[in-house]
Every structure is written in C-alpha cells, then in structure tokens.
*Asks:* 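Have a look at this one before I ask anything.
Each chain gets a letter, A, B and so on, in the order the sequences are listed, and its residues count up from 1.
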Amino acid sequence: MNGPRADGEALRLEAIHKSFGKLEVLKGIDLSVADHEVICLIGSSGSGKSTMLRCINLLEPVDAGRITVRGEEITATGVDVNRIRRHIGIVFQAFNLFPHMTVIRNVTLAPMEALGMSKAEARARALELLERFGLADKREEYPDRLSGGQQQRVAIVRALAMKPDIMLLDEVTSALDPELVAEVLNVIRELAAGGMTMVIATHEMGFARDIAGRVCFLDAGRILEEGPPERIFSAPREERTRRFLQSIIEAGRM
Amino acid sequence: MGAGGGGAPELYELPPGEPDPGRGPGILSGLRQEGARGVLIAVVSTFVVAAAIAFAVSRSPNWPAVKEAFFNGEEFRSSFPDIAAKFIRNVEYFVVAEVFILAFALLLAVMRSLSGPVFFPIRALSILYTDLFRGIPTILVVYLLGFGVPSLSLTGVPSSATFWAVVALILSYSAYVAEVYRAGIESVHPSQAAAARSLGLSRWKTFRFVVIPQAVRRVVPPLLNDFVGLQKDTALVAFVVVVPEAFKEAQIIQNADFNFTPLLAAALLFLLVTIPMTRLVDWLVSRQRRRRQVATAL
C-alpha cells in the first residue's frame with residue numbers, strides 16, 4: 001500500500017529503531033505519508049506512538065533508519081534541526097504552553113524569533129488563527145486562566161502559526177476532561193478538511209475512524225497492521241489488533 | 001466548533017489579579033469572633049516575659065557599667081549621624097556589587113546548564129568556579145584581593161583597595177547566586193524546552209525566552225535572601241579599606257570615645273535595611289505559595 005512515491009510524498013520513515021537504555025521502543029518502523037493524508041496511530045500505551053512522533057520532530061534522535069521529509073533526509077548528520085522543525089508542527093498531550101506568556105505571545109514567539117517575522121506580521125497571523133478557532137477574545141489571557149480545551153487549541157494554533165507542512169498530534173485529548181474533548185477534535189477535523197497532512201496518535205477510536213485516511217496499529221514498537229479505518233475497525237486481520245479493539249470496546253470508548 | 005466560550009465557566013469566577021477574595025477576610029472575622037481572647041493572652045504574656053527579663057538584667061551587679069559602655073544615649077545621638085552618613089557607602093557597595101552579581105551569576109548558571117559533550121569544558125569551568133568561591137570564606141577573598149592585587153602594582157589595573165574589595169564580594173556572592181539560578185533553571189520542566197525547540201527555536205533562544213524567565217521568577221525569594229547577606233557583608237570592606245563605611249566609622253568613634261555604643265548604632269542601620277528586605281522575601285514566598293495553590297486548585 002505504501003510503495004515508493006516520488007511525488008507528493010510528505011514524509012517517509014524507513015526502518016526506524018529507537019531504544020531508551022536497554023528498552024527498545026521502536027523496532028523498525030516503515031511508513032510513507034502522502035501530502036494531505038491523515039494517518040492515525042492507535043495502540044496501547046507504550047507501543048511507541050509518542051516516541052515515533054518525537055523522532056519525526058527530531059526531539060529524539062533515532063538509533064537507526066532514515067526519516068525523509070519531502071525528499072530531504074532529516075536524520076542525516078549535519079542537518080539544521082531548527083530549520084527542519086519549522087516545517088513540522090507538534091502538539092503535545094500536556095499542551096506545554098509557555099505559562100509566563102499571554103496567549104498571543106505564545107503564538108507569536110516562534111514566528112518572530114525562529115522565522116524573523118516582524119511583530120506586526122506575526123500578530124496579524126496569530127490573530128487570524130485565533131479568530132478562526134474561536135480564541136480571539138482570549139489573546140491577552142495567561143494559559144492558566146484557560147480551560148484545558150482552550151489551552152490545547154492555543155497549542156494547536158501556536159504550531160499552525162509556523163505554517164508547517166506536517167502536523168504531529170500526540171494524544172492531544174488524553175489530558176482533557178471528557179466534555180472538553182469535542183472542541184479540540186473539531187479543530188483537528190477542520191485542519192483535515194483544509195488538507196493538512198497529519199500524523200495523529202490517539203485513543204479516540206471513533207474520531208480515528210472518522211478522520212483517518214489510514215490507520216496504523218502499533219504493537220511493541222512495530223506497525224503490526226495498517227489500512228483504511230473501515231477495514232481496521234471492522235475486519236482486523238491480526239489477532240493482537242482484534243484484542244486491542246476488543247479491550248477498547250469493553251472500556252466503552254468506542 | 002461552538003465550544004468557543006470554553007467548558008469551565010467556574011474558572012472565571014475569580015477575576016485575574018485578585019487571588020482568593022474570600023479567604024483573607026474569612027480568617028480575620030474568625031479571629032474577631034474566637035481568637036480575640038487568644039491574642040490578648042499572647043500580648044499580655046509577651047509583655048510579662050519581656051518585663052521579667054528587663055528587670056533581671058537591670059538588677060545584675062554589672063548592669064550600670066554595661067549600660068554606660070553599650071547603651072549610652074548621648075554617645076548614640078552624637079555618633080549616629082556620622083555613621084549613617086558613612087552607611088551610604090555600604091549601600092553603594094551593595095548596589096554596585098549586586099548588579100554585577102546578578103549578571104555574572106546568571107552567566108555561570110547558563111554555562112553550567114549547557115548539555116552535550118561539546119560544552120564539557122565550559123561546564124567544568126563553571127563548576128570549578130562555584131566550588132572554589134563557595135568554599136572560601138568571603139572575608140578571605142576580600143583580604144586576598146583587597147590587599148593582594150593593589151600591592152602587585154600592575155599597570156593598567158586599578159589599585160584601589162575599595163575596588164578590589166567590592167570585586168571580591170562580587171566573585172564570592174556570584175558563586176552562591178549561580179547555584180540559586182541553577183536550581184531555578186532545573187525546576188523548569190523539560191517539556192517546556194521541548195515545546196520551544198519543536199517550534200524551531202534555537203537552543204539559545206529557548207533558554208532566553210522560555211527557560212530563564214520562568215527560572216528567574218521562581219528564584220526571586222532565595223535571590224533576595226542572598227541580597228540580605230550581601231548587604232551585611234559590605235561591612236567586610238572595612239577590613240582592607242581606609243575610607244570608612246558604617247562599620248569602620250563606628251570602630252573609629254568607639255576607639256576615640258572608649259564606648260561601644262557606636263557599634264550598636266551601626267548594627268541598627270544594617271537592620272533598618274535588612275529587616276524590610278527579609279519581610280519582602282516572606283511576602284513573596286507566601287504569595288508564590290498562594291498562587292501555586294490557586295493554580296493546582298484549578
């Protein structure tokens with residue numbers, strides 16, 4: 001399904017290995033993501049979803065394998081990591097907003113300091129994004145005055161302000177109260193509708209089924225099974241995938 | 001969307017900048033109702049104990065001599081203005097030293113926080129420095145620099161003992177303050193730096209915009225504690241410098257008048273500055289604690 005693509009390939013992972021000490025977390029991950037494609041990574045905690053996303057963003061150096069973004073190998077030695085990261089947005093489970101800065105400053109910091117944008121230009125871009133996601137009235141607030149859902153939407157806006165080619169979302173709703181999940185998922189749906197290329201680690205199976213072009217089931221550091229959501233969720237081929245989905249259903253989360 | 005207003009309206013019941021309006025008055029009204037008797041007992045018992053001590057001391061056989069030597073009212077009145085005028089120098093030493101300490105110590109802390117094998121020499125240098133200057137008594141550094149450097153008569157190097165005594169204070173205190181900064185830097189969660197780096201900010205800009213501002217905010221109270229210590233230790237300059245500051249001036253008058261009261265006057269001057277600073281620290285610490293409690297309650 002994911003043969004070599006010369007054109008329109010946003011991201012490619014080849015035989016990615018990553019260990020923390022003696023624990024091998026990723027045991028050879030291969031994945032190709034096309035432009036505008038939305039990939040959902042599912043699997044139990046510790047299966048390697050987060051590590052995989054952090055490796056793509058170069059927050060964790062890979063031990064072996066290659067990662068290519070639009071044909072450029074980003075895992076090569078001597079690559080300017082700051083330049084690469086400007087094209088890859090990541091949103092974390094715990095928001096990680098800067099608590100000492102207002103919402104607008106959180107959003108304008110990187111465009112100004114990493115892209116060298118003028119203050120006026122960065123503000124204009126930030127306000128446009130905040131407006132689009134219903135946060136314009138919160139622009140002068142500090143993060144701890146916002147609800148979790150609002151904070152996570154600000155974190156998404158902060159990543160979007162860099163105009164990334166790819167967005168990586170790492171269980172962005174896992175730290176939220178249930179009633180706040182929908183507002184964040186709606187933002188992501190809007191991004192998908194706008195054609196954003198995304199790799200999303202999630203426990204929200206209903207959401208994954210709706211939004212994903214392709215679902216990858218990770219198990220013990222490998223992509224055990226991948227395919228269109230209809231097939232993965234209704235007719236999984238692997239025993240472990242079946243068991244994982246069964247446990248999700250039993251937990252009432254699907 | 002439609003959820004724009006946010007899901008937790010109770011967050012907004014506390015207007016920003018007004019921490020916990022209900023709590024303060026609550027405690028006070030509780031005091032008024034139940035605690036008035038307790039306060040009365042505390043005040044009365046304090047006075048009784050103080051009066052008993054005063055009585056016992058003033059009845060001791062040597063009291064008149066001690067009183068004459070240490071608590072001479074006239075001596076106090078005549079020496080206090082002179083000493084207070086010289087105390088300006090202590091405040092000057094303090095202000096000048098503190099500015100350099102805050103900058104130099106931050107540099108040391110940042111040097112020590114650099115990770116990766118490339119920066120090992122810089123890290124090692126910073127560690128060596130803080131180990132060295134935290135290990136040597138400040139007064140020894142003041143002596144060594146204040147007497148030592150001017151006697152070398154190096155060309156192009158200031159030969160003023162005052163200059164080198166203040167430099168000694170800067171070198172010594174920077175080691176302590178660097179450790180305070182470092183504790184602050186280490187208390188900023190790594191996820192903050194990860195978020196900044198993930199946005200493409202360089203290591204240096206991550207430090208400058210994200211890590212250091214949060215670190216410094218957290219260590220303001222312990223920094224002020226070191227300020228108090230430095231203000232006191234400006235008296236050490238007296239050991240190598242001829243130009244008198246408050247302590248030296250008090251000693252001069254003491255030697256001339258054969259009376260210790262001027263030393264008490266100098267002590268009082270130091271207290272006038274250090275006690276308000278200490279209270280400020282207490283206030284800042286309790287404010288920080290309150291904010292943390294509000295933050296975790298949210």
*Asks:* With a 4.5 angstrom heavy-atom cut-off, could you sort out which part of A:Arg158 is near chain B: side chain, backbone, both or neither?
*Replies:*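 When you check distances to chain B, atoms from both the backbone and side chain of A:Arg158 fall under 4.5 Å.
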
*Asks:* Looking at A:Gly149, A:Gly89, A:Pro99, A:Ala159, which one has more heavy-atom pairs under 4.5 Å with chain B than the rest?
*Replies:*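 When all of A:Gly149, A:Gly89, A:Pro99, A:Ala159 are compared, A:Pro99 has the most.
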
*Asks:* Specify the closest pair of heavy atoms between A:Leu59 and B:Ala194, including all atoms of both residues, with the distance to one decimal.
*Replies:*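 Scanning both residues, the minimum pair turns out to be CD2-O, 3.7 Å.
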
*Asks:* Does any heavy atom of chain B fall under 4.5 Å from the side chain of A:Phe92, the backbone, both, or neither of them?
*Replies:*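 Only the side chain of A:Phe92 comes within 4.5 Å of chain B.
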
*Asks:* Does any backbone or side-chain atom of A:Leu97 lie under 4.5 Å from a heavy atom of chain B? Answer side chain, backbone, both or neither.
*Replies:*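 Answer is backbone: N, CA, C or O of A:Leu97 sit under 4.5 Å from chain B.
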
*Asks:* Give the minimum heavy-atom separation between B:Phe209 and A:Met101, together with the two atoms involved.
*Replies:*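 Reported closest heavy-atom pair: O-CE, 3.1 Å.
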
*Asks:* Sort A:Ile88 into side chain, backbone, both or neither according to what part of it lies under 4.5 angstrom from a heavy atom of chain B.
*Replies:*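 Just its backbone gets close to chain B.
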
*Asks:* Write down the atom of A:Ala114, the atom of B:Gly200, and the distance for their closest heavy-atom approach.
*Replies:*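 Minimum heavy-atom separation between A:Ala114 and B:Gly200: CB-O, 3.6 Å.
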
*Asks:* Grab the two heavy atoms, one from A:Ala110 and one from B:Leu201, that are nearest each other, plus how far apart they are.
*Replies:*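 Heavy-atom minimum between the residues: CA-CD2, 4.2 Å.
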
*Asks:* Side-chain donor-acceptor contacts of residues 126-133 of chain B below 3.5 Å, not counting sequence neighbours, with atom names and distances?
*Replies:*
unit_1   : atom_1 : unit_2   : atom_2 : d
B:Ser126 : OG     : B:Leu108 : O      : 2.9
B:Tyr129 : OH     : B:Leu171 : O      : 2.8
B:Thr130 : OG1    : B:Ser126 : O      : 3.1
B:Thr130 : OG1    : B:Ile127 : O      : 3.0

*Asks:* What part of A:Val81 is in contact with chain B, defined as an atom under 4.5 angstrom from a non-hydrogen atom: side chain, backbone, both or neither?
*Replies:*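 Contact with chain B is through the side chain of A:Val81 alone.
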
*Asks:* So which atom in A:His100 and which in B:Pro213 form the shortest heavy-atom distance, rounded to 0.1 Å?
*Replies:*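 For A:His100 and B:Pro213, the tightest heavy-atom pair comes out as CD2-CB, 3.5 Å.
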
*Asks:* A:Leu109, A:Asn82, A:Asp80: which one forms the most heavy-atom pairs within less than 4.5 Å of chain B?
*Replies:*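 With the most close heavy-atom pairs to chain B, the winner is A:Asn82.
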
*Asks:* Check whether more than 12 heavy atoms from other residues, nucleotides or ligands sit under 6.0 Å from atom CZ of B:Phe104, and answer yes or no.
*Replies:*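 Yes, because the 6.0 Å sphere around CZ of B:Phe104 holds more than 12 heavy atoms from other groups.
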
